[in-house]
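Working notes, structure below.
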Amino acid sequence: MANQFDALLQENRSFPPSDDFRKQANVSDPDIYQKAAADREGYWAGWAKELDWEKPWDKVLEWEPPYAKWYVGGTLNASYNCLDRHLEERGDKTAIIWEGEPGEVRKFTYRQLHREVSKFANVLKSVGVVAGDRVAIYMPLIVEAAVAMLACARIGAVHSVVFGGFSAEALRDRIQDAQAKVLITATSGYRRGALVPLKKTADAAVAECPSIEKVIVAMRRSATEEADETVSMTDGRDLWYHDLMQSASDDCPPTWVDSEHMLFTLYTSGTTGKPKGIVHTTGGFLTVAYATCKWVFDLKPNDVYWCTADIGWVTGHSYVVYGPLANGATVVLYEGAPDWPKKDRFWELIEKHKVTIFYTAPTAIRAFMKWGEQLPQSRDLSSLRLLGSVGEPINPEAWIWYHKYIGNERCPIVDTWWQTETGGIMITPLPGITATKPGSATLPFPGIDAQILDEKGNAIEVGGGYLAITSPWPSMLRGIWGDPERYQQQYWSKWPGIYFTGDGAKRDEDGYFWLLGRVDDVMNVAGHRIGTMEVESALVDHQLVAEAACVGISHEIKGTAIAAFVIVKEAGRELATNDPAKFEQELKNHVAEKIGAIAKPEKILITADLPKTRSGKIMRRLLRDIAEGRALGDVTTLADPTVVASLKEKYEEEA
Ligand code: 7RM
């Protein structure tokens, strides 16, 4: 496909909003940036007023770095804002269109969803869940998952959603860390035509989780409506979702909570081996999820909105559940894989449900590119009016392809930069105002103070440095669950009072931001955050591995893939030498078992030694150079420079 996009890819080519968008967008006043900056608190108070509060706040912001409180003294309920407040005017509007991978469709109006959530909130109460309790959710992308989240919010319980692709051990660690009282799971979920046995994995996890009192299990019936009989239920601990729902009352008034009451915790990878529970609170999180959804996606009453993220990631929290439902939108949920049963499933879904707004990740877009434009071209995608991208940098080629073949050169593309920690979109175009440039997330959302700083904290107007957020914002994380020191150290120690994102970025002459990727030991594999230390710990946990080092290397589809360098113990040398393929596979499977399939290394290299500095630090930069076949940079700080030379030789031989 060399050069097929040359004309569109000209450097710094920009795509201004169409007249249509300029005139009809939810926000089209270019002065909004200055206005928000001039009175940041007033601006964020204005957004919060668009939510329903039981009691208004006394003070917009209390900022004692690094701790912020927003809408101090106000009380509200997130599920009320996503459901109850819509009932009068749009109770019969479709809230969720769900499609299972085998093709079943279920639709829920706002009234129906409100009823399900109220009932399930009563179920949670009946098993002893009270406000402040943590509830773990380990589910496929079925409606019951969204119901479970909203039901927690309804009674002030804290949900901790764990991605259904994580292993038993990963689930166990997260449940233990949060000390969750109840686990909500499902028998299984569909992925590429097969049932993924979630309950079985949950059983293995819960066996080591004494905090769990009850496990509630939703039945994922097969396409032919047959019950999944493979699961076993533990007496006294396990309860069927459908049994409990049958007898539950549908009257459950929301529990009004303080604006700063915890809404959820969500585990994400950082620079150490242990994922951290990012804490978000109710008022601030919901305000930003609502506001960004309304302006970035330009949500209108008739939109059919589809964000392809799983609820196991933050994007699924802010932009599948809370943001769009707080706006009263119609949300599409699709359970399965994009290439099942055929590689045009997403385009089929867009055609069938007349999706108007489509939000996905660059990894998916690169896969679609590879599968060819004939697939989208043979579907009717004319309902689309806006496209979004999230999770990793989007390369200009993929941007242009998206623009051309999915957006038909008509739909604006919003490349949105944000993190689990930021709770909502921070850097993004506004479709009625911002001229986009392929590969740039453009400008901070109004009311967000993002800057590029150097090591000392000096602002860089044009050029590269660290991405920082220099003023508090309502949806900022409030901490790391159970670890205040790490919160302080990880995010606030580089420059006092300034939030360090862990990302590098540069700004061009127009003030546009270009994200350059992580500057710490976090990898972004296919849009998923994975710590190098996490994978290294998993490898070292294997009985035949003595030492391991991981690096992210560039990958055509995933953006980044994992390369692992492994030193084998004496006992494993024979296997590693005689059948390296088998050994490699075993290590990959081990990582999948410890963390999940998303963390499997792409390449494993057996080595006798690792390049280390004299102080014993592994020099990942050199490993990256080796794994990507580049000339080696500076090796003068190495304890033993011959290590890296022989390593490079070996690697090139195997490649
Ligand atoms: C939403 C999400 C956060 C990390 C972040 C970045 C990377 C996310 C973009 C991006 C370039 C983007 N949360 N990232 N969005 N990089 N352009 N539009 O992904 O916590 O899972 O990951 O993802 O490195 O720090 S996350």
Side-chain angles (χ1 to χ4, degrees), residues 36 40-51 53 57 60-63 65-72 74 76-79 81-82 149 153 158-159 161 257-266 268 276-297 299 307 309 311 313-327 359 390-391 416-428 430 441 444-450 467-481 487 491-492 498-503:
R40 184 168 294 105
E41 288 183 28
Y43 164 83
W44 283 118
W47 274 119
K49 279 183 195 148
E50 294 194 22
L51 298 180
W53 295 74
W57 55 89
V60 179
L61 170 66
E62 246 174 55
W63 176 225
Y67 293 100
K69 288 184 181 159
W70 282 87
Y71 314 119
V72 184
L76 76 167
N77 180 282
S79 100
N81 274 283
C82 290
M149 290 166 75
V158 175
H159 57 71
V161 183
V257 298
D258 191 275
S259 174
E260 284 299 329
H261 183 77
M262 240 175 106
L263 179 61
F264 66 87
T265 175
L266 182 64
T268 189
K276 45 197 182 187
I278 302 300
V279 171
H280 281 291
T281 59
T282 310
F285 172 82
L286 199 63
T287 298
V288 175
Y290 169 83
T292 48
C293 235
K294 184 162 173 180
W295 277 7
V296 174
F297 301 117
L299 268 184
C307 164
I311 49 139
W313 312 112
V314 72
T315 307
H317 286 57
S318 309
Y319 301 110
V320 175
V321 178
Y322 290 108
L325 295 180
N327 275 281
Y359 188 34
V390 62
T416 60
W417 177 91
W418 59 295
Q419 306 177 300
T420 306
E421 292 87 341
T422 68
I425 292 168
M426 297 283 107
I427 303 181
T428 176
L430 294 174
F445 189 78
I448 299 298
D449 254 343
L467 179 64
I469 308 180
T470 51
S471 305
W473 65 102
S475 62
M476 62 189 266
L477 76 166
R478 297 301 194 266
I480 293 175
W481 177 259
Y487 171 66
Y491 304 108
W492 304 95
I498 292 177
Y499 173 80
F500 172 52
T501 62
D503 276 22

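Proximity of Thr416 to Ile427: side-chain heavy atoms (C-beta onward) are nowhere separated by under 4.5 Å. With a 4.5 Å cut-off on side-chain heavy atoms, Val314 and Trp418 count as touching. Considering only heavy atoms from C-beta on, Val279 stays 4.5 Å or farther from Leu477 through its side chain. Counting heavy atoms from C-beta on, the side chains of Val390 and Trp417 never come closer than 4.5 Å. Trp481 has its side chain out of reach of Val158: every pair of non-hydrogen atoms, C-beta onward, lies at least 4.5 Å apart.
Checked by atom type and distance alone, the side chain of Tyr499 never pairs as donor or acceptor with a backbone atom of Pro472 at under 3.5 Å. In this structure, the side chain of Trp70 does not engage the main chain of Gly283 through any donor-acceptor pair within 3.5 Å. Ser259 contributes no side-chain N or O that, together with a main-chain N or O of Val72, makes up a donor-acceptor pair within less than 3.5 Å. Side chain of Thr422 to main chain of Gln419: a donor-acceptor pair is present (N/O by atom type, distance under 3.5 Å, no hydrogens or angles). Looking only at distances, a side-chain donor or acceptor of Ser318 sits under 3.5 Å from a matching main-chain atom of Gly423. Listed for the Thr265 side chain is a donor-acceptor partner under 3.5 Å among the backbone atoms of Ile278. Put simply, the side chain of Thr470 gets close to the backbone of Asp449: a donor and an acceptor are under 3.5 Å apart. Looking only at distances, no side-chain donor or acceptor of Thr268 sits under 3.5 Å from a matching main-chain atom of Thr420.
Phe285 pairs with exactly one of His261, His317, His280 by the ring-ring contact (aromatic ring centres under 6.0 Å, His included) rule, that one being His280.
Between Trp295 and Pro446, the shortest heavy-atom distance links the atoms CZ3-CG, 4.0 Å. In this structure, Glu260 and Lys69 approach most closely via the heavy-atom pair OE2-CA, 3.3 Å. Scanning all heavy atoms of the two residues, the minimum distance from Val320 to Gly316 falls at CB-O, 3.2 Å. Here the shortest heavy-atom pairing between Ser471 and Arg40 reads OG-NH1, 3.6 Å. Taking each heavy atom of Pro66 and Met476 in turn, the nearest pair found is O-CE, 4.1 Å. In terms of heavy-atom proximity, Val161 sits nearest to Leu266 at O-CD1, 3.3 Å.
Here the CE atom belonging to Met262 is positioned 9.0 Å from the OG1 atom belonging to Thr281, to the nearest 0.5 angstrom. Considering NZ of Lys276 and OH of Tyr491, their distance stands at 3.0 Å, rounded to 0.5 Å. Remark: Leu76 CG to Thr287 OG1 distance equals 7.5 Å, nearest 0.5 Å. The distance from the OH atom of Tyr290 to the CG atom of Leu299 is 9.5 Å, given to the nearest 0.5 Å. Of the inter-residue distances, the one linking Tyr359 atom OH with Cys293 atom SG reads 8.5 Å to the nearest 0.5 angstrom. Rounded to the nearest 0.5 angstrom, Leu286 CG and Trp47 CH2 are separated by 12.5 Å.
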Using the rule given for side-chain contact (heavy atoms from CB on, under 4.5 Å), can you reason through Phe500 versus Ile469, listing the C-alpha separation, both sets of side-chain angles and the distance that settles it, and then say yes or no?
CA-CA 7 Å; Phe500 172 52; Ile469 308 180; over 6 Å; no
If you apply the rule side-chain contact (heavy atoms from CB on, under 4.5 Å), what do you find for Thr282 with Phe264, and how did you get there?
CA-CA 8 Å; Thr282 310; Phe264 66 87; over 6 Å; no
For a ring pair (Phe, Tyr, Trp, His ring centres under 6.0 Å) check, start with the C-alpha distance between Phe445 and Trp473, then their side-chain angles and the critical distance, and finish with the verdict.
CA-CA 11 Å; Phe445 189 78; Trp473 65 102; over 10 Å; no
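Looking at Tyr319 and Thr292, their side chains do bring a donor and an acceptor atom within 3.5 Å of each other. In summary, the side chains of Glu421 and Tyr487 do not present any donor paired with an acceptor at a separation below 3.5 Å, with no hydrogens or angles considered. Side-chain contact annotation: Asn81 with Trp53, donor-acceptor N/O pair under 3.5 Å absent. The closest side-chain donor-acceptor pair between Asn77 and Ser79 falls under 3.5 angstrom.
Note on residues 314-324: no pairs pass salt bridge (charged side-chain N to carboxylate O under 4.0 Å, His left out), not counting sequence neighbours.
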